[in-house]
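Every chain is numbered from 1, with letters handed out A, B, ... down the list of sequences. Keep in mind that this is a model prediction, so the values were computed, not measured.
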Protein chains: 2
Amino acid sequence: MQENARFSGKAATRRTDIRRENERLILTAAEKVFAEAGYGGATMQLIADMAGLPKANLHYYFATKEDLYRRVVQEIFEIWLNAAASFDAASTPAEGIGAYIEAKMDISRRHPHGSKVWAAEVMQGAPVIQDYLETTLRDWTENRARVIQGWIDAGQMAPVNPRHLLYMLWAMTQHYADFGHQIETLNGGAPLTDRQWQEATESVKTIILRGVGLG
Amino acid sequence: MQENARFSGKAATRRTDIRRENERLILTAAEKVFAEAGYGGATMQLIADMAGLPKANLHYYFATKEDLYRRVVQEIFEIWLNAAASFDAASTPAEGIGAYIEAKMDISRRHPHGSKVWAAEVMQGAPVIQDYLETTLRDWTENRARVIQGWIDAGQMAPVNPRHLLYMLWAMTQHYADFGHQIETLNGGAPLTDRQWQEATESVKTIILRGVGLG
DNA sequence: ATTCCATTTGACCAAATGGTCAGCTTGTGG
DNA sequence: CCACAAGCTGACCATTTGGTCAAATGGAAT
């Protein structure tokens, strides 16, 4: 019972640890394989090998390939939603937009696989997360668009279409994850260094902020 | 013989027509299926059904699934390269960048499937077009980056990293194709109208041009 | 008309894949 | 230590899929 685990002196029982560890192991492997091969190209065997577990073990933790995939997509979505905090916490447009760009660039760097899985899912018509788009994401977008419109109405930034501004922010920040391989190739075959990531972030911030009259 | 076809009075012989027509039929169907299902999720049977031909016929024109896929990717790549013309023809930065945005937004609208196929290919590490990235695309990028740097040096626009500017242009314009489904959902479930596409293009142009000091 | 070659296609095959299951091992509460 | 449940896994299976092929059909040059 989970009660036992929760109340028995030493944090969690061995069993709970095993479960959590293996699920994490599988999810991490799945994220990478789905990103690199797409849903159709990914195989449970590949994911199992990458996780270092027998294939049958995957099906013990995740009933079907689709279940596993759904979990991977949900995780990146939540990470992105949380980046809204940096947007909401700000009091000025420059601060809010700037912090949001920084947060999303940081996510692109730390979770490139998840970003790709999301991109592929949406490109294919969002077969498994359509409801999220219609509820959570729609609400999220409308709320932020309203905030931006408020800034414009208050004369704090240039009049731009808030929706398209949001699309542009998503496009640019996620591009560094989704097209990371292309960027790496054009960078002479080497991944962007810390310095280059900083430069990329600054470039995006500079152009966008000046672009909305906050330069 | 093809000589016969070329020199026989009526343009091309029936044979040549058939070949061209069927190849076009297959390529169009393949572009759509690869975009909607990914390379791994696409099946020759699906493509055949969409093209209205028996599966064996596909293998008569394209030896393997990979051959067919390669052709689809090459086509969109060439379309994009040609968009460079609008960039090169311009004499001022505002004109060049503006025209390039318009050209690429137009392509996103007219070839959303191809754009998605390209995006998926790059996201998966460009397994079949890596050589293009390292040769053609690298040269293309370096040349345009040099042009932009020239404008900056001449004081015609604000100093920004030319590479990152190019990445941003690609990201934003292609976003309207690759994430078209998401945008459509956030647009109340309806595809963007002519007017809305124009507004999107204007938004991108306005923000970018002002962002590089050309507002 | 006849010959030759391009085109078409139903039937077929070997390999790969998602998923199942029965039996085994291991942890845990009593 | 025991009994039970959770966790593990090799072997297996039905289905799908890319690709093949031989036989049939159709166009065009002589």
| field | Mutual orientation of the aromatic rings belonging to W197(A) and Y176(A) [parallel < 30°, tilted 30-60°, perpendicular > 60°] | value | tilted
| Quick check: does any side chain N or O of S115(A) sit under 3.5 Å from a backbone N or O of H111(A), one acting as donor and the other as acceptor? | no
Give every pair of a protein N or O atom and an N or O atom of nucleotides 24-26 of chain D that lie under 3.5 Å apart, one pair per line with the distance.
residue: dG26(D); atom: N2; partner: R15(B); partner atom: NH2; Å: 2.7

| message | Going by the rule side chain to side chain contact (heavy atoms under 4.5 Å, CB included), which residues pair with H181(A) if we only count those two or more places apart in sequence or in a different chain? | response | T185(A), A126(B), Q130(B), L133(B)
| said: Going by side chain to side chain donor-acceptor pair (under 3.5 Å), name the residues that satisfy it together with Y132(A), two or more places apart in sequence or in a different chain. | reply: Q74(A)
| message | Whether R138(B) and E142(B) form a salt bridge (side-chain N of Lys/Arg under 4.0 Å from carboxylate O of Asp/Glu) is what I want to check. | response | no
| task | Examine distances only and state if a side-chain atom of K104(B) and a backbone atom of M172(B) form a donor-acceptor pair shorter than 3.5 Å. | result | no
| task | Identify, with sequence neighbours excluded, every residue that meets side chain to side chain donor-acceptor pair (under 3.5 Å) alongside E121(A). | result | Y69(A)
| request: Mark yes or no for whether E31(A), through its side chain, and G114(A), through its backbone, hold a donor-acceptor pair below 3.5 Å. | output: yes
| said: What is the distance, to the nearest angstrom, from the CG atom on L25(B) to the C1' atom on dT8(C)? | reply: 14 Å
| remark: Residues in residues 39-51 of chain A with a heavy atom under 4.0 Å of DNA chain C, by number, are A42(A), T43(A), M44(A)
Distances for protein N or O near nucleotides 10-15 of chain C N or O, under 3.5 Å:
none

| said: Using the side chain to side chain contact (heavy atoms under 4.5 Å, CB included) criterion, which residues pair with T64(B)? Sequence neighbours excluded. | reply: E66(B), D67(B)
| D106(A): partners by salt bridge (charged side-chain N to carboxylate O under 4.0 Å, His left out), with sequence neighbours left out | R110(A)
| request: Taking only the side-chain nitrogens and oxygens of R19(A), find out if one of them lies under 4.0 Å from OP1 or OP2 of dA6(D). | output: no
| field | Atom-pair distance (CD on E21(A); C1' on dG27(C)), nearest Å | value | 15 Å
| Mind checking what makes side chain to side chain contact (heavy atoms under 4.5 Å, CB included) contact with R144(B), not counting sequence neighbours? | A84(B), F87(B), D88(B), W140(B), L166(B)
| note | Sequence neighbours excluded, the answer for side chain to side chain donor-acceptor pair (under 3.5 Å) partners of K116(A) is none
| Who passes side chain to side chain contact (heavy atoms under 4.5 Å, CB included) against E78(A), sequence neighbours left out? | none
| field | Short side-chain N/O contact from N57(A) to OP1 or OP2 of dG10(D), under 4.0 Å | value | no
| field | Whole-Å distance separating the OH atom of Y69(B) from the C1' atom of dG18(D) | value | 17 Å
| query | Which residues within residues 58-66 of chain B lie with some heavy atom under 4.0 Å of an atom in DNA chain C? | reply | Y60(B), Y61(B)
| request: Figure out the CD1/C1' separation between I26(B) and dT8(C), and round it to whole Å. | output: 12 Å
